[in-house]
Number of protein chains: 2
Amino acid sequence: MNERRVVEMRERVLSKIDQIAAGVRAALAAQGVTALNFTSSPGSGKTTLLVRTISDLKGRAPISVLEGDQETDHDAKRIAATGAPVLQINTLSSCHLDAAMVESGLRGLALSPGGFLFIENVGNLVCPASYDLGEAMKVVMLSVTEGADKPAKYPKMFRVARVMVITKTDLLPHVEFDMAECVRFARAINPQLAVFAVSAKTGEGLDEWYGHLLSLRDRA
Amino acid sequence: MNERRVVEMRERVLSKIDQIAAGVRAALAAQGVTALNFTSSPGSGKTTLLVRTISDLKGRAPISVLEGDQETDHDAKRIAATGAPVLQINTLSSCHLDAAMVESGLRGLALSPGGFLFIENVGNLVCPASYDLGEAMKVVMLSVTEGADKPAKYPKMFRVARVMVITKTDLLPHVEFDMAECVRFARAINPQLAVFAVSAKTGEGLDEWYGHLLSLRDRA
């Protein structure tokens with residue numbers, strides 16, 4: 001076994017995939033599309049928040065979606081019900097999307113100039129942190145049921161993200177979750193992190209989240 | 001780039017790690033210790049359930065714990081408060097424990113004959129499914145806040161587990177979670193899967209879970 005050899009080959013594979021990511025980024029910029037890479041644990045409510053965001057921003061921002069899941073097309077079906085263009089990618093044995101999957105997925109997806117591409121990554125707080133998909137930025141979601149210390153336990157994800165969305169705030173009365181402590185853990189790792197706290201069920205915090213989204217697009 | 005070469009080298013690395021797992025399994029069997037590898041999403045309540053299990057089984061079953069986290073020793077501290085022997089392993093860039101980490105961790109951990117070794121894996125429903133740590137079996141946990149379709153979306157984990165513990169049932173009145181549908185998804189993938197539904201907060205379902213645990217030990 002030659003571990004250094006394995007590492008070197010892995011680096012060459014990564015460098016190839018970084019070139020693909022750069023190509024995706026350039027192509028999206030040329031089309032005036034703002035791409036966000038959404039990551040979280042499984043079951044943090046990514047799809048639910050994206051569905052509500054798409055519906056609420058209808059008429060203000062066209063949104064296309066690439067759905068990443070190890071298996072099934074459940075999430076793509078939920079997105080499709082909003083009328084937004086969507087394409088499901090099944091990563092099978094892989095714990096994350098990569099830029100080659102995104103490049104290939106984009107061949108089958110309609111994009112709108114001045115709109116968004118939402119990329120919903122596989123539910124996983126580790127692997128997706130290491131992969132550039134060609135997005136403008138990563139947005140990490142964390143539900144209040146998961147506990148306030150997750151940024152400290154999975155620091156790389158919270159370091160590479162530009163935005164943290166704390167989800168399911170409607171459940172706050174029923175769980176022990178210290179919002180201030182969570183934000184403190186996250187900002188200790190990433191002082192610039194923008195933070196939003198929302199409930200896709202009650203609508204709490206969504207106006208601030210939408211305002212931020214639209215400002216990202218308008219700055220792009 | 002020679003992808004086949006990378007794959008071959010990866011296979012050799014895996015075969016070496018499988019030998020280490022076999023060594024761990026033999027050493028644990030020789031000491032009469034039943035080892036369980038607990039996996040789940042981040043924030044599913046693994047540590048909370050393990051802390052309560054250790055406390056409630058005090059006097060009936062000695063339990064030692066290996067804690068796997070990407071970073072921090074938060075979970076080891078929570079376990080240590082019960083008085084159980086515990087050792088924290090930080091996996092850093094890795095999304096899972098491996099048998100070499102367990103082998104090395106066991107050198108610093110006291111085990112009791114006729115007792116359990118609980119191995120709490122990194123919170124992740126993908127990577128830990130592929131790694132044999134030398135455990136007697138994998139136990140996958142899923143909280144009711146994560147949604148009933150997770151077994152279908154992360155099938156490998158639910159295929160390799162022998163037990164599924166549905167956690168946080170106290171939150172059922174506040175979330176949409178169809179227990180029967182979840183079990184149906186899981187058993188479609190793994191018809192033999194044993195299923196328990198518990199709340200570490202209210203104690204619901206814990207007697208059945210403890211009964212199963214003790215029967216695993218007595219059968220070993």
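None of the values given here were measured: they were computed from a predicted structure. Residue numbers start from 1 in every chain, and the chains themselves are labelled A, B, ... in the order their sequence lines are given, proteins ahead of strands.
Between A:P42 and B:P42 the shortest side-chain heavy-atom distance falls below 4.5 Å. By the 4.5 Å heavy-atom criterion applied to side chains, B:L125 and A:N124 are not counted as neighbours.
A pairwise comparison of heavy atoms in B:E71 and A:P155 identifies CD-CG, 3.4 Å as the closest pair. Heavy-atom minimum distance, A:V126 versus B:C95: CG1-CB, 3.5 Å.
At a 4.5 Å heavy-atom cutoff, the contact between B:S93 and chain A is made by backbone atoms alone. With a 4.5 Å cut-off on non-hydrogen atoms, A:D73 does not touch chain B at all. Contacts of B:F185 with chain A are made by side-chain atoms alone, with heavy-atom separations under 4.5 Å and no backbone atom involved. Only the side chain of B:H74 comes within less than 4.5 Å of a heavy atom in chain A; its backbone stays farther off. With a 4.5 Å cut-off on non-hydrogen atoms, A:S143 does not touch chain B at all.
Counting heavy-atom pairs closer than 4.5 Å to chain B, the top-ranked of the candidates A:K201, A:H96, A:K150, A:K156 is A:K150. The candidate with the highest count of non-hydrogen atom pairs below 4.5 Å against chain A, out of B:D75, B:T48, B:T72, is B:T72.
Atom CZ of A:R187 sits in a crowded spot, with more than 12 heavy atoms from other residues, nucleotides or ligands closer than 6.0 Å. For A:E181, the CD atom is densely surrounded, since the number of other residues' heavy atoms within 6.0 Å is greater than 12. The local environment of CD in B:E176 is sparse, with at most 12 non-hydrogen atoms from other residues, nucleotides or ligands closer than 6.0 Å. With a 6.0 Å radius and a threshold of 12 heavy atoms from other residues, nucleotides or ligands, B:R25 has its CZ atom above the threshold.
A donor-acceptor pair is defined here as one N or O able to donate and one able to accept, closer than 3.5 Å; such a pair exists between the side chain of A:Y154 and the backbone of B:G123.
Atom NE2 of A:H174 sits about 12.0 Å away from atom CG of B:L172, to the nearest 0.5 Å. Taking NZ of B:K153 as the start and CG of A:N90 as the end, the distance is 10.5 Å to the nearest 0.5 Å.
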- Task: Could you check A:T145 against B:T145 for side-chain hydrogen bond (donor to acceptor under 3.5 Å, both in side chains), going step by step and ending with a plain yes or no?
- Result: CA-CA 7 Å; A:T145 65; B:T145 66; 3.2 Å; yes
